[in-house]
Amino acid sequence: MDIVVAHDFYQQRGGEDQCVEDEVKMLRSHGHNVIEYFVHNDSLEGMPPLTLAANTIWSRQAFNDLGAIVRDRRPQVVHFHNTLPLISPSAYYAAKQHGAAVVQTLHNYRLLCPNGLFFRQGRVCEDCCDKMVPWPAIKNKCYRASRAATATISGMLAIHKLAGTWRNAVDMYIALSEFGRSKLVAGGFPASRVATKPNFLARDAQPGPGRGGYVIYAGRLSSEKGVDLLLEAWGALGREVPLKIIGDGPMAGRVKDACSKEPAIEWLGQLDIEAVYELVGDAEALIVPSRCYENFPRVIVEAFGKGTPVIAPSFGPIGEIIENGVTGLLFRPGDASDLAQKIRGMMADGVARAHMRRAAYRAYADNFTEDANHKSLMRIYEQAIATADAGKSRQRQSIRVYAETRQKTPQ
């Protein structure tokens, strides 16, 4: 197939950017011709606020640029990932105008929640899910702690909801979990156009030894990721279990302070992906202490690919990914003492941990390989093309009916 992949890269690189790059490589390795339409948020530096707001709602540049690519290259599918703020929903219309099917992967909850996380002031929040205009987000400055920035995102969501963009300009949505899909459908998105396809591991993974004697956290150091919960759990665990922390973010100072007080905690900062894989593979368990729903934490698949069990909260999509007692352990969301208890239990039972390692790797091999993901993606593309073709047929029928009516109308 000829496929355009469109993505707006973040200023701070994260798992979503890596997912896009891996998916492009996967498509090419299976013989598809991929045309990249990539922009980068580094270009936002110095952009006037009114220009940025206008581009977020409707980017003329993206409409023209992507329209030219689709017109000249004639792809069957244009697959969007992040469109905020430089691509915008205008690009859907450019793709449709020139006959391509439109697919949108939703790596977060942005179309239902302006900050994309369902998270506010340290707790899960779904106040905007059923709102035409997500005014609670504006009131609470949910996007980047700015009322103006939140109003821009909220306005974009409301304008395109009112215009029918989400219903008419996208042929298929990809949710990363059944939980994410259920939220979209509850939020008014057509169920027949929301498919589920998880993240995958773009490598032929092999189990790690798992004999390092430590547990590990790898991710952004922020409140929604539950870093405070992690550190609180180590307040109870003390020196019982060594903890390695990989990553950086706004809570780096607090992590550094915890390391100075607790020798069992080691902060390694940002590491390259190969170093992360090696450390995760030798860990006894990966900790995902998130306070927010997450969407589909890529690091869980990476852990499974190394045969490393995962300890995570029992809510949101994570309960779908981790089978409690089989591929890891689930703790009560937001409960640091229960997290500490689950870590103790994991470390105390070597036999159970060995069974979990084997089960975690089987989960990767059965569900999260590149080949399995490619098959799922091809089915979704076929659905998108069929939906787009049906839409063109309805449009032609409407035009024919209109023309016949005009011919019969007395002049």
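Here the structure is a predicted model, which is why all the values come from computation and not from measurement.
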Can you tell me if R239 has over 12 outside heavy atoms packed within less than 6.0 Å of its CZ?
no
Plane angle bin for Y381 and H79 - parallel if under 30°, tilted between 30 and 60°, otherwise perpendicular
perpendicular
Looking at every heavy atom in both S314 and L330, which two are closest together, and how far apart are they?
CB-CB, 3.8 Å
For A236 against A340, the heavy-atom pair lying closest together:
CB-CB, 4.2 Å
Strictly distance-based, threshold 3.5 Å: is any side-chain N or O of N168 a donor or acceptor partner for the main-chain N or O of G164?
yes
Any side-chain to backbone donor/acceptor pair from E284 onto G213? Under 3.5 Å, distance only.
yes
Decide, yes or no, whether a salt bridge links K244 with E266 under the criterion of side-chain N to carboxylate O below 4.0 Å.
yes
Under 3.5 Å: donor-acceptor pair, side chain of N140, backbone of C142
no
For Q18 and D22, run side chain to side chain contact (heavy atoms under 4.5 Å, CB included): C-alpha distance rounded to whole Å, both residues' side-chain angles, the deciding distance at 0.1 Å, then the answer.
CA-CA 6 Å; Q18 186 65 52; D22 288 348; 3.0 Å; yes
Reference residue H7; test side chain to side chain donor-acceptor pair (under 3.5 Å); the match among T105, N82, D17
D17
Salt bridge or not for E274 and R203, using N-O below 4.0 Å?
yes
Measure from the side-chain N and O atoms of R147 to the backbone N and O of K139, and report whether any donor-acceptor pair falls under 3.5 Å.
yes
Heavy-atom donor-acceptor pair, Q76 side chain to A101 backbone, under 3.5 Å:
no
Measure the shortest side-chain to side-chain distance between P313 and I318 over non-hydrogen atoms and say whether it is less than 4.5 angstrom.
yes
Starting from the C-alpha separation in whole Å, work towards a yes-or-no answer on ring pair (Phe, Tyr, Trp, His ring centres under 6.0 Å) for F304 and Y361.
CA-CA 5 Å; F304 283 0; Y361 185 76; over 10 Å; no
Are Y217 and I246 packed together at the side-chain level, in the sense that at least one heavy-atom pair is separated by less than 4.5 angstrom?
no
Tell me, with the steps shown, if H374 and E23 meet side chain to side chain contact (heavy atoms under 4.5 Å, CB included).
CA-CA 9 Å; H374 176 258; E23 199 159 273; over 6 Å; no
Close side-chain approach of E294 and E224, heavy atoms under 4.5 Å
no
Kindly say whether V241 contributes a backbone atom to a donor-acceptor pair with the side chain of W234 at under 3.5 angstrom?
yes
Inter-residue atom distance Y293.OH - C113.SG, 0.5 Å rounding
11.0 Å
State whether R13 and E21 are salt-bridged, where the test is any N-O pair (Lys NZ or Arg NE/NH1/NH2 against Asp/Glu carboxylate O) under 4.0 Å.
yes
Qualifying residue for side chain to side chain contact (heavy atoms under 4.5 Å, CB included) with D8, from L44, V20, T83, N41
N41
The single option from V77, V34, V102, V78 that satisfies side chain to side chain contact (heavy atoms under 4.5 Å, CB included) with V4 is V78
Ring geometry between W58 and Y93 (parallel below 30°, tilted from 30 to 60°, perpendicular above 60°):
tilted
T369 backbone acceptor or donor facing N373 side chain under 3.5 Å
no
Taking all atoms of both residues into account, what is the closest heavy-atom pair of A285 and M346, and its distance?
CB-CG, 4.1 Å
Heavy-atom distance under 4.5 Å between the side chains of F80 and V5, does that happen here?
no
Does the side chain of N324 come within less than 4.5 Å of F331's, by heavy atoms?
no
Note: I322 and A312 closest approach over all heavy atoms is CD1-CB, 3.6 Å
Pairwise distance CG(D42) to CD(Q11) - rounded to 0.5 angstrom:
5.5 Å
N/O donor-acceptor pair under 3.5 Å between R357 side chain and G307 backbone
yes
Is any NZ, NE, NH1 or NH2 atom of the basic residue among D282 and K306 found under 4.0 Å from an Asp or Glu carboxylate oxygen of the other?
no
For the pair L286 and I311, evaluate side chain to side chain contact (heavy atoms under 4.5 Å, CB included) and give the outcome as yes or no after the intermediate values.
CA-CA 6 Å; L286 171 79; I311 301 174; over 6 Å; no
Any side-chain donor paired with an acceptor under 3.5 Å for Q12 and R220?
yes
Measuring only between side-chain heavy atoms, which start at C-beta, is L86 closer than 4.5 Å to M47?
yes
Nearest-0.5 Å distance, CG of residue D228 to CZ of residue R254:
5.0 Å
Taking A148's backbone N and O only, do any of them form a donor-acceptor pair with T152's side chain (distance below 3.5 Å, no angle check)?
yes
Taking atom CD of Q61 as the centre, does the number of heavy atoms from other residues, nucleotides or ligands within less than 6.0 Å exceed 12?
no
Kindly give the heavy-atom pair with the smallest separation between S29 and M26, and that separation in Å.
OG-O, 2.8 Å
Salt bridge (Lys or Arg N to Asp or Glu O under 4.0 Å) involving D257 - partner list, sequence neighbours excluded
K261
Would you sort out whether M347 and R344 count as a side chain to side chain contact (heavy atoms under 4.5 Å, CB included), showing the intermediate values?
CA-CA 5 Å; M347 298 299 286; R344 283 195 186 100; over 6 Å; no
Salt-bridge test for E126 and K131: reply yes if a basic N is under 4.0 Å from a carboxylate O, no otherwise.
no
d(I385 CD1, I380 CD1) to nearest 0.5 Å is 12.0 Å
Do I3 and P75 touch side chain to side chain, with heavy atoms closer than 4.5 Å?
no
Can you establish whether the number of heavy atoms outside R144 located under 6.0 Å from its atom CZ is more than 12?
no
Can K342 and D338 be counted as an ion pair, charged N to O under 4.0 angstrom?
yes
Once rounded to the nearest 0.5 Å, what's the spacing between atom CD1 of I216 and atom CD1 of I245?
10.0 Å
Crowded around R28 CZ? As in, over 12 foreign heavy atoms under 6.0 Å?
yes
What do you reckon, is CD of E278 surrounded by more than 12 foreign heavy atoms closer than 6.0 Å?
no
Qualifying residue for ring pair (Phe, Tyr, Trp, His ring centres under 6.0 Å) with F118, from F179, Y109, F315
Y109
Throw together a table of side-chain donor-acceptor distances under 3.5 angstrom for residues 153-161, partners on residues two or more places apart or in other chains.
unit_1, atom_1, unit_2, atom_2, d
S154, OG, T150, O, 2.8
H160, ND1, T165, OG1, 2.9
H160, NE2, I57, O, 2.8

Is N115 reaching over with its side chain to a backbone N or O of F119, donor-acceptor style, under 3.5 angstrom?
yes
Is any side-chain heavy atom of K197 closer than 4.5 Å to a side-chain heavy atom of L377?
yes
Flag the pair R298 and E302 as a salt bridge only when some basic side-chain nitrogen lies within less than 4.0 angstrom of an acidic carboxylate oxygen.
yes
Just wondering, more than 12 heavy atoms not from I273 lying within 6.0 Å of its CD1?
yes
Rounded to the nearest 0.5 Å, how far apart are CG of N295 and CG of N199?
8.0 Å
